[in-house]
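What follows is a short report on a single structure.
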Amino acid sequence: MHYLDHAATTPLIPEAAEAVAETARDAFANPSSVHAFGRRARAAVETARERVAAAIGAPPGDVVFTAGGTEADNLAIKGAAAKARGHGNHLVVSAFEHHAVLDSAAALGRDGFEVSIAPVERDGVVRPERVAELVRPSTVLVSMMAVNNELGTIQPLRDVVDAVKGANERTLVHTDAVQALPNVPVDVAAWGVDLASFAAHKLGGPKGVGALYVRNRVPLEPVLHGGGHERGLRSGTLNAPGAAGFGVAAEIAAKDVHERTERLLALRTRLLDGIRAAIPDVVVNGDLERRVAGNLHVSIPGAEGETMLVMLDDAGIACSAGSACQSGAVEPSHVLAAIGVPRRLAIGSLRITLGRTSTDADVDALLAVLPGIAARARALT
């Protein structure tokens, strides 16, 4: 089997697995308990917090653990909007955000907030000035992802922050950085963002744990209520084993990012060259240069992505399609729609993503079967 779907989730790296197992065994107690067992669990959590903070360029006190990237996005957007309601009722989000952002904004829209959608260009990159044009005196939050989860395109986050703050200095800026940490150097201070979401399973850590960077105690209304954990921002018994695995994985991801980028770029180049040689009319979606090294998003005209996905799975290769079959009809993803990819191309798209465990053998396996699969899929349309 060949796994080429690292943007969806990554294999648990051995170092993180060991940290999870060791913490579950030796620091099993509730981290909120005051006895020795609880203090041991708390120490594991705080060590993990320090590691995550160092990996993203933040003070440890600005890191709030969550159950994943989706919860971090919800806390950032709903929490910031609710707290700032007295100052304004307007949000701006980009058109190709993850659904955790888009659906959170939509929920606020049903609760009296106005939501503006910032356009994305055909190359999959947002223009800062077009975001700033949407900012009003009543704008309390702008959410702009650091790296798009489907296209892998890297956004000019610092420029977006500068443009937004120039239009309204009180407006908070959140970034969904879930796809960033394993793929690009992350420095939330250099980015200038107020809030940033992360997830462990995208970088070799365990599922079920994430984090929200909250700059200098930016005021948030909690989404979960209960025991007042995590400075009152996220109630619930802390997942000490998950946090420990997250911390180790984040530390390794930050340290290895340049070396990994160089290796994956070489693999992606060979993969794309091979696909172009076998399928000359293949189309690359989004800017090929301004994207993370492990992402290749292509459309094969005349074929359906879902059909190719099933055939690839039968051939022992896992990747993703840029479309979804709903009620018997194949519909393109909202990301491809946002950048204006024609439907005939969007429904024939594949997202192929490489990661830490990817090898030349994975590339060779895909190149060996994709031309035949594309031909068969075309014949079925």
Checklist entry - Step by step, would you call His225 with Ser235 a side-chain hydrogen bond (donor to acceptor under 3.5 Å, both in side chains)? => result CA-CA 6 Å; His225 299 87; Ser235 291; over 6 Å; no

Next on the checklist: Test side-chain hydrogen bond (donor to acceptor under 3.5 Å, both in side chains) on Asp5 and Ser320; report intermediate values, then the result.
Outcome noted: CA-CA 6 Å; Asp5 198 18; Ser320 294; 2.6 Å; yes

Next on the checklist: Thr357 vs Ile13, test: side chain to side chain contact (heavy atoms under 4.5 Å, CB included). Steps then yes/no.
Outcome noted: CA-CA 9 Å; Thr357 60; Ile13 62 174; over 6 Å; no

Next on the checklist: One pair to check against side-chain hydrogen bond (donor to acceptor under 3.5 Å, both in side chains): Ser116 and Glu114. What are the steps and the verdict?
Outcome noted: CA-CA 7 Å; Ser116 295; Glu114 295 182 68; over 6 Å; no

Next on the checklist: Pair Leu102, His334 - check side chain to side chain contact (heavy atoms under 4.5 Å, CB included), show working.
Outcome noted: CA-CA 11 Å; Leu102 292 175; His334 74 284; 3.6 Å; yes

Next on the checklist: For Glu121 and Arg130: C-alpha separation, side-chain torsions, deciding distance, then whether salt bridge (charged side-chain N to carboxylate O under 4.0 Å, His left out) applies.
Outcome noted: CA-CA 10 Å; Glu121 305 303 317; Arg130 300 198 69 184; 2.7 Å; yes

Checklist entry - Thr153 and His297: side chain to side chain contact (heavy atoms under 4.5 Å, CB included), yes or no, with the steps? => result CA-CA 10 Å; Thr153 47; His297 198 291; over 6 Å; no

Next on the checklist: Please evaluate residues Ile117 and Val93 with respect to the criterion side chain to side chain contact (heavy atoms under 4.5 Å, CB included), reporting the C-alpha separation (whole Å), side-chain torsions for both, the decisive distance (0.1 Å), and the verdict.
Outcome noted: CA-CA 5 Å; Ile117 305 299; Val93 299; 3.6 Å; yes

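With hydrogens and angles disregarded, a donor-acceptor distance shorter than 3.5 Å links the side chain of Gln179 to the backbone of Ala7. Distance alone, capped at 3.5 Å, is enough to place a donor-acceptor pair between the Thr353 side chain and the His6 backbone. Between the side chain of Thr359 and the backbone N or O of Ala361, at least one donor-acceptor pair lies under 3.5 Å. Checked by atom type and distance alone, the side chain of Gln155 pairs as donor or acceptor with a backbone atom of Gly124 at under 3.5 Å. A donor-acceptor pair is defined here as one N or O able to donate and one able to accept, closer than 3.5 Å; such a pair exists between the side chain of Arg39 and the backbone of Val34. Looking only at distances, no side-chain donor or acceptor of Thr307 sits under 3.5 Å from a matching main-chain atom of Ala377.
Shortest non-hydrogen contact noted between Ile252 and Arg356 is CG2-NH2, 3.4 Å.
Side-chain contact between Val92 and Val164: absent, with no pair of heavy atoms (C-beta onward) separated by less than 4.5 Å. Proximity of Tyr213 to Thr175: side-chain heavy atoms (C-beta onward) are nowhere separated by under 4.5 Å. By the 4.5 Å heavy-atom criterion applied to side chains, Leu151 and Leu336 are counted as neighbours. Within the 4.5 Å cutoff, side-chain heavy atoms of Val188 are placed close to those of Phe198. No side-chain heavy atom of Asp362 sits under 4.5 Å from any side-chain heavy atom of Leu354. Looking at Arg49 and Phe65, their side chains come closer than 4.5 Å, going by heavy atoms from C-beta outward. Side-chain contact between Arg378 and Ile279: present, with at least one pair of heavy atoms (C-beta onward) separated by less than 4.5 Å. Here the side chains of Arg268 and Leu288 are in contact, with some heavy-atom distance below 4.5 Å.
The pair Arg127-Glu133 fails the salt-bridge criterion, with no side-chain N (NZ, NE, NH1 or NH2) lying under 4.0 Å from an Asp/Glu carboxylate O. Note on Arg351 versus Glu150: no salt bridge recorded, every NZ/NE/NH1/NH2 to OD/OE distance being 4.0 Å or above. Salt-bridge formation is not detected for the pair Asp256/Arg263: no Lys NZ or Arg NE/NH1/NH2 atom is positioned less than 4.0 Å from an Asp or Glu carboxylate oxygen. Using a 4.0 Å cut-off between a side-chain N of Lys or Arg and a carboxylate O of Asp or Glu, Arg291 and Asp123 do not qualify as a salt bridge. Using a 4.0 Å cut-off between charged side-chain N and carboxylate O, Arg42 and Glu46 make a salt bridge. Salt bridge status for Lys78 with Asp111: absent, with no side-chain N to carboxylate O gap under 4.0 Å.
Glu50 and Thr47 share no donor-acceptor pair across their side chains, judged by distance under 3.5 Å alone. Side-chain atoms of Asn285 and Ser299 form a donor-acceptor pair, as typed in the model, at a separation below 3.5 Å. Using modelled atom types, one finds a donor on one side chain and an acceptor on the other under 3.5 Å when comparing Ser104 with Asn74.
With values rounded to the nearest 0.5 angstrom, Glu97 atom CD is found 11.5 Å from Asp103 atom CG. Here the CG atom belonging to Leu350 is positioned 12.0 Å from the CD atom belonging to Glu304, to the nearest 0.5 angstrom.
Counting heavy-atom neighbours within 6.0 Å of Glu129 CD, excluding the residue itself, gives a total above 12. The number of heavy-atom neighbours closer than 6.0 Å to CZ of Arg158, taken from other residues, nucleotides and ligands shown, is above 12. Around atom CZ of Arg231, more than 12 heavy atoms belonging to other residues, nucleotides or ligands sit under 6.0 Å away.
Considering His98, Glu71, His174 as possible partners of Ser197, the one that fulfils the side-chain hydrogen bond (donor to acceptor under 3.5 Å, both in side chains) test is His174.
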